[in-house]
> 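Before I ask anything, here is the structure I am working with.
Start at 1 and go down the list; that is how both ligands and their atoms are numbered. Since this is a predicted model, take the numbers as computed values, not measurements.
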Amino acid sequence: MSRLQVDVVIGLQWGDEGKGKVVDALAGDYPVVARFQGGPNAGHTLYLNEQKVVLHQVPAGIFHEGVYCLIGDGVVLDPEVLLKEVEGLRQLGISAEERLVIGKGVHLILPVHRWIEEVSREGEKIGTTRRGIGPAYADRYARRGLPVGWIDRADFPALVQELTAYHAARFPEGEAPSLSERFWEGIELLRRLQQVQVSEWLPRFNRVLAEGSQGTMLDIFAGTYPYVTSSHTTVAGVISGLSIPPQSIREVYGVLKAYTTRVGGGPFPTEVFGAEAQWLQDRGNERGSTTGRLRRCGWLDIVALRYAIQINGVTRLTLTKADVLCGLPTVKVRIGGTDDHPHYISLPGWKSLADPAFEEFVRFIEQETNLPVWSISTGPTRTDWQQRALA
Ligand code: IMP
Ligand code: MG
């Protein structure tokens, strides 16, 4: 019997809660960090010795020597993006190839998937990241996609050509994409990496940290459909994306920002505009790490938060970016009302995170969610981190 125990880091809002940093802070205690969904739409920003690094495909455990980083079956993977990232890591002195492990069930993002997002314009309203995520998952579910486990088949190049031609024919107005050398170099990289049957490989370890991408409110089922991504960003995605039994899930770390951001279209009940929004964008550096777009900003939404906690079975909260709000005279929090008419309360602002008003804010979140705030991120780097005693 496997004694596999899986702890999960999940975003409770619309992504960009700071999950990458939380994973980096926790990863040293785990032999494996595993991504279970999403693809290069993710942008996990980390600071390695004050150097900013953005990871899109590689799990955020990569900065810990001796930690395996698994790209689990629920992920869609762009070989060109992975290649670029592995090269970038090499320049930082990290040989990712030795510790990267790829599930055979991971599906490939082909150049044609990115191209579909350009020619179809179907993602424009949603404001997708244009990384081919939706088209790659659509092919996966339409059962014409290409899993990583097929790259060594003799007919693999033909399958790539066929799928490309299939989509090119659907959009005759566009100029069909060519398969670049970089794509095949990316496939060569995949051939060098360890490819595994996840259901066999993962139970060899006792402890695994599952790294979520995007956030609960972007989940294909549970999110604000159709303004969502194409994968299960919730705990449900961990079970299917890593082929693990539900009983193996132990802690579920729910990550929330002290305010809210959203990139792309869709409902956002606590959104603020004008100078207020600009203040948060500037102070919080709220610009998409994948697309460079300014993030929409708003207040913390306890109604949405309770929903996210409920469906994920969150056991501990991690609060991030409260330092961004330092200096505001009051901080608003939505505590009820409808999405069209949210009801807020105003809490006293804080000058620093040592200010008693900040402790009051944390206590307020704990009361409203009935969960402990287990840790607080106090800045961007790994050491900007406070752990709180659990009652
Ligand atoms: P897609 O995942 O590129 O298909 O984009 C679908 C929606 O999810 C868009 O609104 C994106 O802005 C949003 N999204 C996708 N990935 C992320 C992320 O990592 N952080 C925040 N928003 C994201
Ligand atoms: Mg991000």
> Please state whether Ser213 comes within less than 4.0 angstrom of ligand 1, counting heavy atoms only.
no

> Considering Thr129, Ile220, Val228, Ile133 one by one, which has a heavy atom nearer to atom 6 (C) of ligand 1 than any of the others?
Val228

> Which of the atoms of ligand 1 are close to Gly127, meaning less than 4.0 Å from one of its heavy atoms?
9 (C), 10 (O), 11 (C), 12 (O)

> Is there a salt bridge (Lys or Arg N to Asp or Glu O under 4.0 Å) between Lys84 and Glu185 once you walk through the steps?
CA-CA 10 Å; Lys84 190 167 169 221; Glu185 271 180 57; over 6 Å; no

> Can you find a pair of side-chain heavy atoms, one from Leu4 and one from Asn206, that are under 4.5 Å apart?
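Leu4 vs Asn206: side chains apart.
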
> If you define the side chain from C-beta out and look only at heavy atoms, does anything of Glu211 sit under 4.5 Å from Phe36?
no

> Find out whether Gln214 and Asn41 are in side-chain contact, i.e. whether some heavy atom of one side chain is under 4.5 Å from a heavy atom of the other.
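Yes, at least one pair of side-chain atoms sits under 4.5 Å.
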
> Would you call Arg306-Glu368 a salt bridge at under 4.0 Å N-O?
yes

> For atom 20 (N) of ligand 1, what is the closest protein heavy atom, and at what distance to 0.1 Å?
Asp16 OD2, 3.2 Å

> Pick whichever of Leu218, Asn41, Val263, Val76 has a heavy atom sitting closest to atom 23 (C) of ligand 1.
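Nearest heavy atom to atom 23 (C) of ligand 1 lies in Leu218.
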
> Does Tyr227 have its ring centroid less than 6.0 Å away from the ring centroid of Trp14?
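Ring centres of Trp14 and Tyr227 not closer than 6.0 Å.
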
> Do Tyr68 and Phe205 have ring centroids that are under 6.0 Å from one another?
yes

> Of all the atoms in ligand 1, which lie at a distance below 4.0 Å from a heavy atom belonging to Trp14?
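By the 4.0 Å cutoff, the relevant atoms are 21 (C), 22 (N).
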
> Do me a favour and list the nearest non-hydrogen protein atom to atom 5 (O) of ligand 1 with residue, atom name and distance?
Thr128 CA, 3.3 Å

> Using a strict cut-off of 4.0 Å, indicate which atoms of ligand 1 neighbour a heavy atom of Arg293.
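By the 4.0 Å cutoff, the relevant atoms are 12 (O).
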
> Please report whether ligand 1 has a polar contact with Gln214, defined as an N or O pair separated by less than 3.5 Å (distance criterion only).
yes

> Which atom name would you report as the N, O or S atom of Asp16 nearest the Mg ion (ligand 2)?
OD1

> Please state whether Ser230 comes within less than 4.0 angstrom of ligand 1, counting heavy atoms only.
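No; Ser230 lies far enough from ligand 1 that no heavy-atom distance drops under 4.0 Å.
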
> I'd like to know: is the Mg ion (ligand 2) within the 2.8 Å range of an N/O/S atom from Gly15, strictly under that distance?
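Checking the Mg ion (ligand 2) against Gly15, no N, O or S atom falls under 2.8 Å.
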
> What residue and heavy atom of the protein are closest to atom 2 (O) of ligand 1, and at what distance?
Thr229 OG1, 2.6 Å

> Do any nitrogen or oxygen atoms of Gly265 lie less than 3.5 angstrom from nitrogen or oxygen atoms of ligand 1?
no

> Assess whether salt bridge (Lys or Arg N to Asp or Glu O under 4.0 Å) is satisfied between Glu98 and Arg192, documenting all intermediate values.
CA-CA 10 Å; Glu98 289 162 22; Arg192 290 196 298 277; over 6 Å; no

> Can you confirm whether Tyr344 sits close enough to Ile302 that some side-chain heavy atom of one is under 4.5 Å from a side-chain heavy atom of the other?
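The answer is no; the side chains never approach within 4.5 Å.
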
